[in-house]
Amino acid sequence: MTVPLTRTLYRTTAHAAGGRTGSVLSDDGRLDVRLAPPRKKTPGTTNPEQLFAAGFAACFTSALAEVAAEFGADASAARVACEVRLGTTDTPAGYGLAVGLTVSLAGWKAADLLPLLHRADAVCPYSQAVRGNIELSLRAVDDTAADTAADAGA
């Protein structure tokens, strides 16, 4: 089901040239990157999957902060890792993506954090964009910094 926007809050355009061996430039010039295929380790380049992972991680972090605030919690110290996998599929297109989000939050145990991740997934624009189209996994992990600090004090 397509959900139309009722109001545009932000608009941007990126211009790509040369595909995976070209470049991408945003309309305001703040993003200006050279591209190389994922398996080619060319210095000073990135690839579309890395750009997607960065955007998704940042967007999900903001969504998490928003839902945590509803519960009086501060999620500003959340750490979100977004893994994007590019692979083949058994579809006519032949290629697809899968995304995994791994999240930790200072002072939180994974079991307590997981419900917040599901709430954040419900409001994150990136999650909404991929829902039903690609595999998306959410994983909460215990805050190892808190565990390390507790071990150091023992």
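Note that the coordinates shown come from a computational prediction; the quantities given were computed from them, not determined experimentally.
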Could you give the distance from CZ (R34) to OG1 (T21), rounded to the nearest 0.5 Å?
11.0 Å

With rounding to the nearest 0.5 Å, note down the distance linking CG in L117 to SG in C124.
11.5 Å

Dump the intermediate steps for side-chain contact (heavy atoms from CB on, under 4.5 Å) on V103 and V141, then the final yes or no.
CA-CA 6 Å; V103 183; V141 296; over 6 Å; no

Listing request: all salt bridge (charged side-chain N to carboxylate O under 4.0 Å, His left out) pairs with a residue in residues 73-90, at least two apart in sequence or in separate chains.
R85-E135

Find out whether P38 and Q50 are in side-chain contact, i.e. whether some heavy atom of one side chain is under 4.5 Å from a heavy atom of the other.
no

Answer yes or no: is there a side-chain heavy-atom contact under 4.5 Å between P37 and N47?
no

From L116 CG over to D121 CG, what is the distance, rounded to the nearest 0.5 angstrom?
12.5 Å

Are the side chain of E66 and the backbone N or O of A120 linked by a donor-acceptor pair below 3.5 Å?
no

Would you give the length of the straight line joining atom CG of L113 to atom CG of D143, rounded to the nearest 0.5 angstrom?
9.5 Å

Show, in sequence, the C-alpha distance, side-chain angles and deciding distance for V99 and V130, and conclude whether the side-chain contact (heavy atoms from CB on, under 4.5 Å) test is met.
CA-CA 9 Å; V99 172; V130 302; 5.7 Å; no

Is it the case that one hydrophobic cluster holds both L51 and I134, taking links as side-chain heavy atoms less than 4.5 Å apart, direct or via other members?
no

Could you pull out the closest heavy-atom pair between A106 and A77, with the gap in Å?
CB-CB, 4.3 Å

Ignoring hydrogens and angles, tell me if any N or O in the side chain of D142 forms a donor-acceptor pair with the backbone of A110 under 3.5 Å.
yes

Examine V67 and L136 and state if one hydrophobic cluster contains both, with Ile, Leu, Val, Met, Phe, Trp and Tyr joined whenever side-chain heavy atoms are less than 4.5 Å apart.
yes

If Ile, Leu, Val, Met, Phe, Trp and Tyr residues are connected whenever their side-chain heavy atoms lie under 4.5 Å apart, and connections chain through other members, are V80 and L97 in the same group?
yes

Roughly how far apart are T88 OG1 and Y95 OH, rounded to 0.5 Å?
8.0 Å

Could you list all the ring pair (Phe, Tyr, Trp, His ring centres under 6.0 Å) pairs where at least one residue sits in residues 26-52, not counting sequence neighbours?
F52-F56, F52-Y126

Closest heavy-atom pair, Q128 versus A122, reported as atoms and distance to 0.1 Å, is NE2-O, 3.4 Å

List the atom of A65, the atom of A75, and the distance in Å for their closest heavy-atom pair.
CA-CB, 3.8 Å

When rounded to the nearest 0.5 angstrom, what distance separates CG in L31 from NE2 in H15?
11.0 Å

One pair to check against side-chain contact (heavy atoms from CB on, under 4.5 Å): T45 and L35. What are the steps and the verdict?
CA-CA 5 Å; T45 65; L35 301 173; 5.9 Å; no

Are L138 and V84 linked, directly or through intermediate hydrophobic residues, by side-chain heavy-atom contacts shorter than 4.5 Å (ILVMFWY only)?
yes

side-chain contact (heavy atoms from CB on, under 4.5 Å), that's the test. Do D28 and T12 meet it? Break it down for me.
CA-CA 8 Å; D28 63 3; T12 189; 5.6 Å; no

So does R11 pair up with D27, basic N to acidic O under 4.0 Å?
no

